[in-house]
Participant: 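The structure's right below; bear with me while I get my questions together.
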Protein chains: 2
Amino acid sequence: MKPTVNAKDVAKLAGVSQSSVSRVFFDGAKVTEKTRQKVLAAAKELGYRPNEYARSLITNSSKIIGLVMKGVQNPFYPQVLKQFTTSFKKHGYSVLFVHTNNDEIQSDDIDTLLNYNVAGVIITDASMSMNVAEAFQANRIPLVFFNRKLTSSQFHSVCCNNLNASRKIAEYLAALETGEMVYISGNEDTSTSREREQGFAEVLKQRGIAYKKYTSDFSYNGGYETAQKILSAGKIPSAVFAANDIMALGVMDAFRKQGVQIPEQVKVIGFDNIDMASWPAYELTTWEQPIEKMVDETVNYLLSEISEYTGRARAVEVEGSFVERKTT
Amino acid sequence: MKPTVNAKDVAKLAGVSQSSVSRVFFDGAKVTEKTRQKVLAAAKELGYRPNEYARSLITNSSKIIGLVMKGVQNPFYPQVLKQFTTSFKKHGYSVLFVHTNNDEIQSDDIDTLLNYNVAGVIITDASMSMNVAEAFQANRIPLVFFNRKLTSSQFHSVCCNNLNASRKIAEYLAALETGEMVYISGNEDTSTSREREQGFAEVLKQRGIAYKKYTSDFSYNGGYETAQKILSAGKIPSAVFAANDIMALGVMDAFRKQGVQIPEQVKVIGFDNIDMASWPAYELTTWEQPIEKMVDETVNYLLSEISEYTGRARAVEVEGSFVERKTT
DNA sequence: TGATTTTTTGCATACGTATTCAAATTAAGA
DNA sequence: TCTTAATTTGAATACGTATGCAAAAAATCA
């Protein structure tokens with residue numbers, strides 16, 4: 001009893017050589033229509049499917065994309081995961097999912113990715129020490145930081161245009177209020193958090209509006225606790241800009257619990273436009289990150305680097321859009 | 001220039017045979033401590049890592065688990081994904097993530113899993129036609145339905161004890177109210193939805209309490225719209241039991257929008273105990289699904305079937321627990 | 001120490017595919 | 001129809017690892 005049927009078996013049944021079978025199943029190889037039909041018929045009869053491991057071994061390449069993710073609690077990321085998976089499927093790639101608990105990717109995760117000789121790597125919501133990222137470069141494996149940017153510009157990244165977005169948000173708020181505002185950052189070592197503050201601060205300064213910064217962690221509870229701190233500091237700010245939606249929701253709930261009226265007493269703005277932002281319980285004004293465009297950018301870059309590695313890196317910025325709801 | 005360093009290179013440097021190198025990196029093989037050290041030193045110097053594809057090819061097995069998922073919008077599932085990934089990592093397995101849009105898994109997704117000769121498969125929040133599931137059995141690939149159960153008992157499944165849970169919920173509600181209640185189902189073809197109704201109906205009937213059933217789809221919007229239908233039907237039910245939390249949240253928001261007081265006018269109960277259920281904006285009474293236990297059960301079953309395939313299938317039921325909050 | 005058993009090592013081979021190169025077939029040209 | 005060019009096919013090989021088997025080494029026993 002032979003469990004797996006291989007190309008040779010198909011070849012025998014079809015009356016051709018193993019090479020021909022291989023050529024039928026390998027895109028871009030030349031075969032006569034006649035033999036193709038014979039092979040396909042035989043393959044179907046035997047239930048043949050090419051062994052992906054033998055393929056990867058001989059071609060020294062794989063059809064697997066490594067996707068590293070941390071914040072599955074933030075609904076933004078499952079959404080991203082879904083889009084990546086469906087998009088790559090269209091192009092014949094599968095997704096190896098790697099979850100990291102730490103901010104920084106563990107070296108054993110890297111090992112996994114290298115052992116599987118992944119065709120490309122996407123890192124979302126996590127950072128990575130420089131020398132680890134260089135390990136991928138050394139192996140000529142294209143790498144994209146998604147929604148994160150490294151200070152060093154030698155790595156490719158795809159983000160929303162945070163600077164522009166936060167400027168627009170500040171301008172919008174400045175047109176409504178002039179009292180002291182609050183910015184709630186996420187984890188301070190993230191580019192997203194820093195950039196969103198930068199644009200916000202820039203415009204407010206220009207308009208002569210003060211703001212106070214609170215540091216949090218991109219989580220609902222973080223937002224909730226920060227809002228409590230804000231209230232216990234005594235003065236209710238005219239507006240709060242949270243670095244992402246999920247924190248903004250926490251902020252709203254904490255304010256409401258204390259009877260603070262939104263938007264009458266304080267305006268709240270988030271970032272991402274996750275599903276929940278549109279829920280009637282929140283109706284959060286926010287900035288929409290164009291996930292689809294960002295994913296497309298990432299996929300296209302990876303595919304082009306996979307087909308021909310250049311190592312050329314760029315910080316891609318995609319424009320998002322303002323979504324006005326009931327919290328402002 | 002040779003890009004990849006292989007076992008032979010290491011062997012040469014260490015002054016041993018390729019077989020010995022292989023044995024050092026293969027768990028359960030015998031090597032002297034002395035040669036092990038020599039090999040490890042050489043491997044480190046050269047930056048050697050075993051080629052996973054060659055391994056899989058020769059052993060005709062892989063260290064990959066296929067995880068098929070549909071509802072990434074429901075926060076319950078990202079949580080599940082995270083737990084599976086971390087748990088399998090501990091055991092040396094990686095997760096190939098497959099997202100399916102349809103209720104039923106596509107055959108090309110199956111092909112992907114079979115091409116990669118996955119060591120095991122987990123299917124969450126999606127069903128699968130019988131003959132497809134049989135394809136896995138034919139290849140002796142262990143398969144688990146997670147949080148779903150097929151009518152046919154020839155497949156392994158891991159669920160929360162839905163019957164018991166929904167009975168307890170009904171008893172709890174019956175002790176508080178006697179007016180007509182509502183059950184909101186998810187997609188009707190899911191075992192979870194059916195079982196949760198069954199236990200609920202059983203107890204209510206016994207207590208002489210009427211209930212009306214609305215069919216929805218496990219989504220927030222579905223819950224929201226259903227609540228609107230309930231209200232437009234005229235009479236406010238004494239209690240609503242939604243087949244999952246995310247629908248319950250939609251129900252709450254719809255009720256509130258219409259000024260219906262929870263829990264004074266209507267009580268609401270969900271199922272899952274997702275993070276959001278505990279948010280101050282909701283404080284939803286619900287039933288907690290013990291994700292960790294369910295994941296452990298699944299992982300243990302798969303690992304044991306991987307090490308020795310028996311094909312023996314069972315419908316495992318894990319006990320959850322009632323979480324009382326402010327909506328009842 | 002010498003004989004015998006146990007353990008470790010190396011050699012050779014197999015896994016299933018892609019691909020080079022020469023042979024064979026087909027197509028084109030006259 | 002015959003020659004020549006172009007295309008398709010098949011045979012052989014390589015990818016990097018695990019493993020059966022025999023040889024070598026080490027350990028055990030007397």
Side-chain angles (χ1 to χ4, degrees), chain A residues 1-40 42-43 46-64 92 111 114-119 139 307, chain B residues 1-40 42-43 46-64 92 111 114-117 119 139:
Chain A
M1 85 165 231
K2 193 173 181 210
T4 71
V5 35
N6 60 22
K8 205 178 279 181
D9 300 331
V10 176
K12 198 186 293 176
L13 179 60
V16 299
S17 72
Q18 179 267 323
S19 322
S20 292
V21 176
S22 171
R23 283 190 258 260
V24 168
F25 286 91
F26 185 77
D27 284 350
K30 304 268 187 187
V31 218
T32 312
E33 189 56 28
K34 205 171 77 181
T35 57
R36 150 169 276 113
Q37 293 307 332
K38 280 195 292 184
V39 167
L40 287 178
L46 297 179
Y48 168 74
R49 65 184 74 254
N51 183 316
E52 207 64 42
Y53 299 110
R55 281 193 158 172
S56 291
L57 179 59
I58 192 75
T59 62
N60 191 30
S61 69
S62 78
K63 288 290 200 175
I64 297 183
D111 283 344
L114 291 177
N115 286 351
Y116 280 106
N117 193 17
V118 289
N139 290 53
S307 76
Chain B
M1 81 163 235
K2 193 175 184 209
T4 71
V5 33
N6 60 21
K8 204 179 278 180
D9 300 331
V10 176
K12 197 187 293 176
L13 179 60
V16 299
S17 73
Q18 179 266 325
S19 322
S20 293
V21 176
S22 171
R23 284 189 256 261
V24 169
F25 285 91
F26 186 76
D27 286 350
K30 304 266 186 189
V31 217
T32 314
E33 188 57 27
K34 207 171 76 180
T35 57
R36 153 170 271 114
Q37 292 308 331
K38 279 195 292 184
V39 168
L40 287 178
L46 297 179
Y48 168 74
R49 65 182 75 254
N51 184 316
E52 207 64 42
Y53 299 110
R55 281 193 157 172
S56 292
L57 180 58
I58 192 76
T59 62
N60 190 30
S61 68
S62 79
K63 289 290 200 174
I64 296 183
D111 283 344
L114 291 176
N115 286 351
Y116 280 106
N117 192 16
N139 290 54

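Residue numbers start from 1 in every chain, and the chains themselves are labelled A, B, ... in the order their sequence lines are given, proteins ahead of strands. Keep in mind that this is a model prediction, so the values were computed, not measured. The figures here come from the full heavy-atom set of this structure, side chains too, leaving out hydrogens, waters and symmetry mates.
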Participant: Atom CZ of F26(A) and atom C1' of dG16(C): how far apart are they, to the nearest Å?
Facilitator: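 Taking atom C1' of dG16(C) as the reference, CZ of F26(A) is at 15 Å.
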
Participant: Less than 4.0 angstrom between a side-chain N/O of S22(B) and OP1 or OP2 of dG16(D), yes or no?
Facilitator: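 No, no such contact exists.
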
Participant: Given dT9(C), dC15(C), dT8(C), identify the nucleotide with an atom nearest to the side chain of K30(B).
Facilitator: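 Nearest to the side-chain atoms of K30(B), counting from C-beta on, is dT8(C).
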
Participant: Looking only at N and O atoms, is any donor in the side chain of S19(B) or the base of dC11(C) less than 3.5 Å from an acceptor on the other one?
Facilitator: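 Counting by modelled atom types and ignoring angles, a donor-acceptor contact under 3.5 Å is found here.
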
Participant: When you compare the side chain of N51(B) with that of N6(B), does any pair of heavy atoms fall below 4.5 Å?
Facilitator: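 No, their side chains stay 4.5 Å or more apart.
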
Participant: What is the nucleic acid contact for V21(B), judged by heavy atoms within less than 4.0 Å: base, sugar-phosphate only, or nothing?
Facilitator: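 Contact class for V21(B): none.
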
Participant: Rounding to a whole Å, what distance do you find between K34(B):NZ and dT7(C):P?
Facilitator: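 These atoms are roughly 18 Å apart.
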
Participant: Give the rounded distance in Å between these two atoms: CG of L57(A) and C1' of dA18(D).
Facilitator: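 Rounded to whole Å, this separation is 13 Å.
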
Participant: Y53(A) vs Y53(B) aromatic rings, parallel, tilted or perpendicular, using cut-offs 30° and 60°?
Facilitator: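 Geometry flag for Y53(B) against Y53(A): tilted rings.
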
Participant: Can you figure out which of dG20(D), dG16(C), dG16(D) approaches the side chain of N6(B) most closely?
Facilitator: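 Selected nucleotide: dG16(D).
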
Participant: Which part of the nucleic acid does T35(B) contact within heavy-atom distance under 4.0 Å: base, sugar-phosphate only, or nothing?
Facilitator: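 Here T35(B) touches the backbone only, sparing every base.
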
Participant: According to a strict under-4.0 Å criterion, is R55(B) in side-chain N/O contact with OP1 or OP2 of dA18(D)?
Facilitator: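 Yes, within the criterion.
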
Participant: Between R23(B) and R49(B), who's closer to the 5' end of DNA chain D by nearest nucleotide?
Facilitator: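 Residue closer to the 5' terminus by nearest nucleotide: R49(B).
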
Participant: Give a yes/no on whether any side-chain N or O of T4(B) is located under 4.0 angstrom from OP1 or OP2 of dG16(D).
Facilitator: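 Answer yes for this pair, as a side-chain N or O of T4(B) is under 4.0 Å from OP1 or OP2.
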
Participant: Separation of N115(A) atom CG from dT17(D) atom C1', in whole Å?
Facilitator: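 So the two atoms are 13 Å apart, to the nearest Å.
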
Participant: Would you confirm whether S56(B), through its side chain, and S61(B), through its main-chain N or O, come within 3.5 Å as a donor-acceptor pair?
Facilitator: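 Looks like yes, one N/O pair under 3.5 Å.
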
Participant: Out of dT19(D), dT17(C), dG16(D), which has the shortest distance to the side chain of Y48(A)?
Facilitator: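 Closest of the options to the side chain of Y48(A): dT17(C).
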
Participant: Is there a donor and acceptor pair, one atom on the side chain of T32(B) and one on the base of dA26(D), closer than 3.5 Å?
Facilitator: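 In this structure, the two groups form no donor-acceptor pair.
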
Participant: Whole Å only: how far is the CD atom of Q18(B) from the P atom of dC15(C)?
Facilitator: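 The answer, rounded to whole Å, is 17 Å.
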
Participant: Main chain of R55(B), side chain of T59(B): is a donor-acceptor contact present, judged purely on distance under 3.5 Å?
Facilitator: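 Indeed, once roles are kept as given, a pair shorter than 3.5 Å links the two residues.
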
Participant: Side-chain contact test, heavy atoms from C-beta onward, threshold under 4.5 Å: evaluate it for R23(A) versus K30(A) and give yes or no.
Facilitator: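 The answer is no; the side chains never approach within 4.5 Å.
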
Participant: Rounded to whole angstrom units, what separation is found between the CZ atom of R36(B) and the P atom of dT9(C)?
Facilitator: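 Going from R36(B) (CZ) to dT9(C) (P), I get 10 Å.
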
Participant: Roughly, in whole Å, what's the span from CD1 in I58(A) to P in dT17(C)?
Facilitator: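 Interatomic distance, CD1 of I58(A) to P of dT17(C): 11 Å.
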
Participant: Can you identify which nucleotide, out of dT19(D), dG16(D), dA11(D), has its nearest atom closest to the S17(A) side chain?
Facilitator: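 The nucleotide sitting nearest to the side chain is dA11(D).
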
Participant: Calculate the interatomic distance between K8(A) atom NZ and dC15(C) atom P; express it in whole Å.
Facilitator: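 Distance, rounded to whole Å: 7 Å.
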
